[in-house]
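Here is the structure we will look at, set down as structure tokens.
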Amino acid sequence: MPVRSIALVDCNNFYVSCERVFRPDLQNKPVIVLSNNDGCAVSRSNEAKALGVKMGVPVFQIRDLVKEHGIEVFSSNYVLYADMSNRVMTLLRQFAPDQEIYSIDESFLELTGLPNIAELMQTVREQVKRDTGIPVCVGVGPSKTLAKLANFVAKRHPKSKGVFNFNTLTSQQMSSVLRNIPTEEVWGIGRKLTAALNDMGIVNVLQLRDADVPSLRKRFGVVMEKTIRELRGEACIEFEDVTPSKQQIINSRSFGNMVTELADLEDALSHFVSNAAKKLRDQNSVANMLQIFILTNRFRQDQEQYSPHLAIPLITPTANTMTLQKYALQGLKVIFRAGYHYKKAGVILSDISNASVYQADMFASVPEKPELMQTLDRINQRYGKGTLKLSLDGSRHSWKMRQENKSPEYTTNWNELPVCD
DNA sequence: TCTCCGATTAGAC
DNA sequence: CTAACGGTCTAATCGGAGA
């Protein structure tokens with residue numbers, strides 16, 4: 001049996017890189033991309049990182065820095081990023097017998113048994129860059145956790161030329177690399193666990209790898225045990241080549257402006273239900289439970305807070321937008337209180353099962369018309385999202401999110417292509 | 001006492 | 001002009017309710 005080789009391919013500063021593909025003038029300039037509603041910085045170019053822009057910092061806190069250094073600021077353009085991601089993932093798939101798409105900008109590849117891995121991974125980098133414009137780095141190891149860690153090394157050390165492979169190291173080299181990586185860089189070790197481990201004197205990855213498993217498991221649980229075993233080279237987090245269907249679908253948004261009117265919340269919730277139900281139908285599922293919530297702004301200490309939540313069990317499991325909207329709006333009337341400034345609302349579809357399996361409720365009084373939903377989805381598929389909507393769906397503007405610096409949808413929308421002279 | 005549930009926590013990106 | 005801090009998702013764990 002050859003040693004297990006798993007690669008983790010990760011796009012560099014993905015959202016920023018997507019923007020740069022269509023704005024080559026922004027190469028070597030500080031650039032950031034913001035979260036929804038233009039809230040926080042969620043992607044930063046290396047130049048922006050060097051200026052001290054931290055991951056997740058609210059933009060209003062770095063206003064001076066942005067101005068002083070001319071940092072280029074973009075609202076997030078998910079249509080563009082999703083399309084660029086597809087292009088990258090499609091290319092990557094051709095290099096390995098198995099692929100797991102882990103996130104919008106990361107993919108695991110199964111390389112076990114393939115010859116010349118170092119060379120192959122350089123080819124991957126060159127081809128992805130050439131064909132999509134996106135720079136990527138590759139980490140390779142005997143487990144997913146080590147592959148991710150190798151990727152971290154590849155990103156941080158220019159000497160690695162974008163590829164780092166733990167499987168080619170001697171055990172001394174391995175130890176010395178791990179000793180120089182702080183614990184918090186390990187996949188699965190977040191803020192809380194880092195603090196707890198540091199308190200115990202475990203500050204680098206080598207110490208974590210060689211720590212006593214039974215006592216750490218007792219204190220922190222199974223996940224910690226798996227992490228340590230993965231660091232020792234034992235693959236215990238399986239490769240998931242088929243994406244499992246979602247157990248819960250959430251659609252929620254912060255509003256661009258405070259909302260006080262019931263009618264605006266109705267409009268927003270109808271819109272969220274419509275998005276969530278579409279996702280549910282796309283995975284051929286039905287939901288047994290609908291939950292709705294509305295929230296005031298938790299950062300405004302000077303304002304009265306009110307954040308109710310309502311769970312609505314459905315008599316018959318459904319994916320029908322109209323049925324779900326009806327219940328959502330009934331529920332909203334129950335929890336809505338006038339006089340508050342609402343900042344966010346959302347819906348959750350849960351208790352999800354497969355649509356083809358469920359038994360129709362013989363006592364349901366109003367028969368549903370699933371064909372209507374299919375037709376709606378098909379028309380929107382052919383002519384573009386939002387071509388056809390139900391009447392209760394996002395027509396009021398007041399709650400819509402802020403997006404003041406969004407780039408064009410270069411790759412998916414003719415109408416947004418910049419005009420050339 | 002066991003099991004099932006919802007709520008809470010932690011983490012990832 | 002002012003106010004301004006994201007959105008989904010999963011898994012583990014815990015405590016209470018009910019069997």
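First the proteins, then the strands, lettered A, B, ... as listed; each starts at 1. The figures that follow rest on heavy atoms only: side chains count, while hydrogens, waters and symmetry mates do not.
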Separation of [N] [atom2] from [X] [atom1] (nearest whole Å):
{"X": "A/Asn257", "N": "C/dC1", "atom1": "CG", "atom2": "C1'", "result": "13 Å"}
{"X": "A/Lys148", "N": "B/dA12", "atom1": "NZ", "atom2": "C1'", "result": "7 Å"}
{"X": "A/Met258", "N": "C/dA3", "atom1": "CE", "atom2": "P", "result": "11 Å"}
{"X": "A/Phe293", "N": "B/dG6", "atom1": "CZ", "atom2": "C1'", "result": "17 Å"}
{"X": "A/Ile237", "N": "B/dA12", "atom1": "CD1", "atom2": "P", "result": "11 Å"}
{"X": "A/Ile101", "N": "B/dA12", "atom1": "CD1", "atom2": "C1'", "result": "17 Å"}
{"X": "A/Glu230", "N": "B/dG11", "atom1": "CD", "atom2": "C1'", "result": "15 Å"}
{"X": "A/Ile62", "N": "C/dA4", "atom1": "CD1", "atom2": "P", "result": "17 Å"}

Between [X] and [Y], do the side chains contain an N or O donor and an N or O acceptor separated by less than 3.5 Å?
{"X": "A/Ser350", "Y": "A/Gln291", "result": "yes"}
{"X": "A/Asn204", "Y": "A/Asn180", "result": "no"}
{"X": "A/Glu184", "Y": "A/Thr194", "result": "no"}
{"X": "A/Glu19", "Y": "A/Tyr81", "result": "yes"}
{"X": "A/Thr321", "Y": "A/Arg281", "result": "yes"}

* 5'-to-3' dot-bracket of DNA chain C (Watson-Crick, G-U; under 3.5 angstrom; crossing pairs as [ ]; | other strand) -> ......|||||||||||||
* Asked: Do the ring planes of A/Trp399 and A/Phe272 sit parallel (below 30°), tilted (30 to 60°) or perpendicular (above 60°)?
  -> perpendicular
* Parallel under 30°, tilted from 30 to 60°, perpendicular over 60°: which one fits the rings of A/Phe293 and A/His309? -> parallel
* **B/S/- contact track for nucleotides 5-16 of chain C, protein heavy atom under 4.0 Å** => BSSSSBSSS---
* Among A/Lys155, A/Arg44, A/Lys49, find the residue that satisfies the side-chain hydrogen bond (donor to acceptor under 3.5 Å, both in side chains) test when tested with A/Asn13. => A/Lys49
* To do: Check whether NZ of the Lys or CZ of the Arg A/Lys144 lies under 6.0 Å from the centre of the six-membered ring of A/Phe108 and within 45 degrees of that ring's axis.
  => yes
* **Contact under 4.0 Å: A/Arg63 side-chain N or O vs C/dA3 OP1/OP2** => no
* Among residues 183-200 of chain A, which contact DNA chain B at a heavy-atom distance under 4.0 Å? -> A/Val186, A/Trp187, A/Gly188, A/Ile189, A/Gly190, A/Arg191, A/Lys192, A/Leu193
* Asked: Strictly under 6.0 Å, is that where the ring centroids of A/Trp187 and A/Phe152 end up?
  -> no
* Can you tell me how far the CG atom of A/Asn77 sits from the OG atom of A/Ser407, to the nearest 0.5 Å? -> 4.0 Å
